[in-house]
Amino acid sequence: MQKRFSLVLIGLLIGMLVIGGSGIVGGNFEAFADNDDDNYDDDNDNNDDDDDNGAGVDSPSDQTEVYWNVTGGCWLNLSAHTNLDLGSYSQIDVGSSINSEGTAPGQKKVQVKTNCPSYDLQVKATQFDLPNNHGNDQSTAIQDFALKADQGSITSYTAFSGLDSNLLLDDNGSGPNTTNYTMDYQYTWDENDVPGSYRVHLTYTASTT
């Protein structure tokens, strides 16, 4: 009987050891799981370190310049208004004048567009078509024809001294700019004028100064 009891006791001890061992295995498993969490955190820490290392890398930079020089070549664009009709008249009143004021509003502009720092604007009469039986030649008759601009050097009616003689409309034009000169024209009748058609040919010229 005593011998059997001893065997039973030994069996119980072995069973306790096995059960205790299972608890150790379970502990080891739990510890292993904890180790996995730690490793995961460590991996995240490593990733954070990688991000920090990436942001900390120097971004080198350098400078250069592109340059050029312009020694000349400024430009001027000039456009004159379209042909202008001063109307028809049933009689000639010697000493009186006709003009373009009130005619074609907004359509009598001479435009200068430029990037040049300064320019002159001139105009000349190159031809004066007269009726066949007119009493004067062109060069004399043109002296009765005058013009003016709303700005510049000639702002009151000024007559031509002859064909191909220049009138300086603006001796102080400046750029870069776009300037519109509104023109008006006047013709004064004299005793040599006769019925017929009259036509003055004008040339505007802009020049750099």
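Hydrogens, waters and symmetry mates are skipped; everything else that's a heavy atom, side chains included, is used. All values derive from a computational prediction rather than experimental measurement. By convention here, the first residue in the shown sequence is residue 1.
Connectivity analysis of hydrophobic side chains (ILVMFWY, heavy atoms under 4.5 Å, direct or indirect) links W68 to V66, V70.
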Output a table of donor-acceptor pairs, distance under 3.5 Å, between side-chain atoms of residues 150-158 and any protein atom two or more places apart or on a different chain; print 'none' if there are none.
residue	atom	partner	partner atom	Å
D150	OD1	T182	N	3.0
Q151	NE2	N180	O	2.8
S153	OG	D171	N	3.2
S153	OG	D171	OD1	3.1
Y157	OH	E101	OE2	2.7
T158	OG1	S156	O	3.1

Extract all donor-acceptor atom pairs below 3.5 Å that involve side chains of residues 199-209 and protein atoms in other chains or at least two apart in sequence.
residue	atom	partner	partner atom	Å
H201	NE2	D129	OD2	2.8
Y204	OH	Y185	OH	2.6
T209	OG1	S118	OG	2.5

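Pairs passing the disulfide (SG to SG under 2.5 Å) check and including a residue from residues 120-204, sequence neighbours excluded, do not occur. Within the structure, no pair that satisfies the disulfide (SG to SG under 2.5 Å) test touches residues 150-209, not counting sequence neighbours. Note on residues 92-209: pairs passing disulfide (SG to SG under 2.5 Å), not counting sequence neighbours, are C74-C116. Residue pairs meeting the ring pair (Phe, Tyr, Trp, His ring centres under 6.0 Å) criterion with at least one partner in residues 101-127, sequence neighbours excluded, are absent. Counting only residues at least two apart or on different chains, no disulfide (SG to SG under 2.5 Å) pair has a member in residues 161-209.
Looking only at distances, no side-chain donor or acceptor of Q138 sits under 3.5 Å from a matching main-chain atom of Q127.
G162 and S165 make their closest contact through O-OG, 2.7 Å (heavy atoms, listed as atom of the first residue, atom of the second, distance). D190 and D193 make their closest contact through N-OD2, 2.8 Å (heavy atoms, listed as atom of the first residue, atom of the second, distance). Heavy-atom minimum distance, T188 versus G95: CG2-O, 4.0 Å. Nearest heavy-atom pair across L167 and A159 is CD2-O, 3.9 Å. Minimum interatomic distance between S96 and D93 (heavy atoms only, all atoms of both residues): OG-O, 2.6 Å.
Each of D144, N136, D137 was evaluated against T140; a single residue qualifies, D137, per the side chain to side chain donor-acceptor pair (under 3.5 Å) test.
Residues I142 and L168 are members of separate hydrophobic clusters, defined by side-chain heavy-atom contacts under 4.5 angstrom among Ile, Leu, Val, Met, Phe, Trp and Tyr. Transitive grouping of hydrophobic side chains (ILVMFWY, heavy atoms separated by less than 4.5 Å) keeps L121 and W75 in distinct clusters. In the hydrophobic clustering of this structure, I92 groups with I98; members are Ile, Leu, Val, Met, Phe, Trp, Tyr whose side-chain heavy atoms approach within less than 4.5 Å, directly or through other members.
The side-chain heavy atoms of N99 and D184, taken from C-beta on, include no pair separated by under 4.5 Å. Using a 4.5 Å heavy-atom cutoff, the side chains of M183 and L169 are in contact.
Contacts of S79 classified as side-chain contact (heavy atoms from CB on, under 4.5 Å), with partners at least two apart in sequence or in another chain: Q111. For the side-chain contact (heavy atoms from CB on, under 4.5 Å) test, residues two or more places apart in sequence or in another chain that qualify with P131 are N133, H134, V194, Y198. Listed by chain and residue number, nothing satisfies the side-chain contact (heavy atoms from CB on, under 4.5 Å) test with D85 (two or more places apart in sequence, or in another chain). In terms of the side-chain hydrogen bond (donor to acceptor under 3.5 Å, both in side chains) criterion, T126 has no residue partners (sequence neighbours excluded).
Rounded to the nearest 0.5 angstrom, N172 CG and D120 CG are separated by 8.5 Å.
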